[in-house]
Amino acid sequence: MDDQFELVSIRQLSKAFGRQTVLKDISLDIRAGEIFGLLGPSGAGKTTLVKQLAGLDTPDAGETYLFKEKMPSLKLMEHIGYMAQSDALYGELTAKENLQFFAALYGLNGKSMNKRILEVMTLVELGEHLEKQVSAYSGGMRRRLSLAISLLHDPKLLILDEPTVGIDPVLRKSIWKAFYDLKKKGVTLIVTTHVMDEAEKCDRLGLIRDGELIALGTPEELKNKTNSNSIEDAFLVFGGASI
């Protein structure tokens, strides 16, 4: 896959809820095959932005293109995997039953469905817990199950909103290993985070504050531009506020 191909193009995107402007004139390109991080404090507009990309909301102004086609588009949804901040899981069902339910929504069935369920659960290291009721899952296991569900239909673009929030460092490392494995397979990942060490793991970052894109570049570029030793220090220079 051509690393320079612009899989996502955002042009002058703005969004308000009532009198509160949440996104202000954001323009941004995300390349195919990269892990792109959106870094900013809570309330910066990260979730609102990725919802536009996932086709879950529409902007007040501006346009978004995925795979060179304008969003929102039902046709494109089969190529997008979306993992929200809150786990949309059925606690009274087993993990396998949850996966079967969502697989049916994606049009998967029979042997191909069962094969794909095993593949995604192996990727998130939950293969031994397929028959366990989700209500007995830990918070970290629920996040990994949500990731598995978002991968069921083998999406080309994976949009992850705070995928490791509330997860201990060991599990975070495991989840990021899965991200790198997906990248090797050509999947493009967009990850929102306010965790500094996660930001360092991204190929490129967009720094967001108060609904504005204040900086864009690789972690090293952003640190070099601000003569900083860390992304947190760079953010302070660009935005004048802490994460």
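Along the sequence shown, the residues carry numbers beginning at 1. Bear in mind that the values here come from a model prediction, so they are computed numbers and not experimental data.
If you take CG on Leu53 and CG on Leu13, they are separated by 8.0 Å, rounding to the nearest 0.5 Å. Here the straight-line distance linking atom CG of Leu213 with atom CG of Leu207 works out to 7.5 Å at 0.5 Å rounding.
Other residues, nucleotides and ligands contribute over 12 non-hydrogen atoms within 6.0 Å of the NZ atom of Lys201.
One finds no salt bridge joining Asp168 and Arg172 here, because no Lys/Arg side-chain nitrogen approaches an Asp/Glu carboxylate oxygen to under 4.0 Å. Comment: Asp210 does not engage Lys24 in a salt bridge, judged by the lack of any side-chain N to carboxylate O separation of less than 4.0 angstrom. Classification of Glu221 and Lys225 as a salt-bridged pair fails, no side-chain N sitting under 4.0 Å from a carboxylate O. A salt bridge links Glu63 and Lys70; the closest N-O separation between the charged side-chain nitrogens and carboxylate oxygens is under 4.0 Å.
In this structure, the side chain of Arg144 engages the main chain of Val124 through a donor-acceptor pair within 3.5 Å. Between the side chain of Lys183 and the backbone N or O of Leu189 there is no donor-acceptor pair closer than 3.5 Å.
Taking the six-membered ring for Trp and thresholds of 30 and 60 degrees, Trp176 and Phe179 have ring planes more than 60 degrees apart, a perpendicular arrangement. Relative ring orientation between Tyr90 and Phe101 is described as perpendicular, the plane-to-plane angle rising above 60° on a 0-90° scale split at 30° and 60°.
Of the N and O atoms on the side chains of Thr193 and Glu198, at least one donor lies less than 3.5 Å from an acceptor on the other residue. For the residue pair Asp161 / Thr47, a side-chain donor-acceptor distance below 3.5 Å is found, with atom types taken as modelled. Side-chain atoms of Glu125 and Ser174 form a donor-acceptor pair, as typed in the model, at a separation below 3.5 Å.
Residues passing the side chain to side chain donor-acceptor pair (under 3.5 Å) test with Arg143 are Asp87, sequence neighbours excluded.
Met83 has its side chain within reach of Pro163: a pair of non-hydrogen atoms, C-beta onward, lies under 4.5 Å apart. Side-chain contact check for Thr188 versus Lys156: every heavy-atom pair is 4.5 Å or farther apart.
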Exercise. Determine, stepwise, if the pair Phe102 / Leu108 fulfils side chain to side chain contact (heavy atoms under 4.5 Å, CB included).
Key: CA-CA 9 Å; Phe102 286 101; Leu108 301 174; over 6 Å; no

Practice problem: In sequence, state the C-alpha distance, the side-chain angles, and the governing distance for Met113 and Arg116, and then conclude on side chain to side chain contact (heavy atoms under 4.5 Å, CB included). | Solution: CA-CA 5 Å; Met113 176 186 70; Arg116 187 59 185 158; 5.9 Å; no

Exercise. Assess whether side chain to side chain contact (heavy atoms under 4.5 Å, CB included) is satisfied between Leu23 and Asp60, documenting all intermediate values.
Key: CA-CA 9 Å; Leu23 297 175; Asp60 296 327; over 6 Å; no

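Here the closest heavy-atom approach between residue Met121 and residue Leu145 is recorded as SD-CD1, 3.8 Å. When all heavy atoms of Arg142 and Val134 are compared, the closest pair comes out as NH2-O, 3.3 Å.
Residue Ile208 is tested with Ile214, Leu49, Leu28, Leu39 for a side-chain contact (heavy atoms from CB on, under 4.5 Å); the sole match is Leu49. Among the candidates Val120, Leu99, Ile117, the single residue satisfying the side-chain contact (heavy atoms from CB on, under 4.5 Å) test with Ile149 is Leu99.
Pairs engaging residues 17-70 under the ring pair (Phe, Tyr, Trp, His ring centres under 6.0 Å) rule: Phe67-His79 [sequence neighbours left out].
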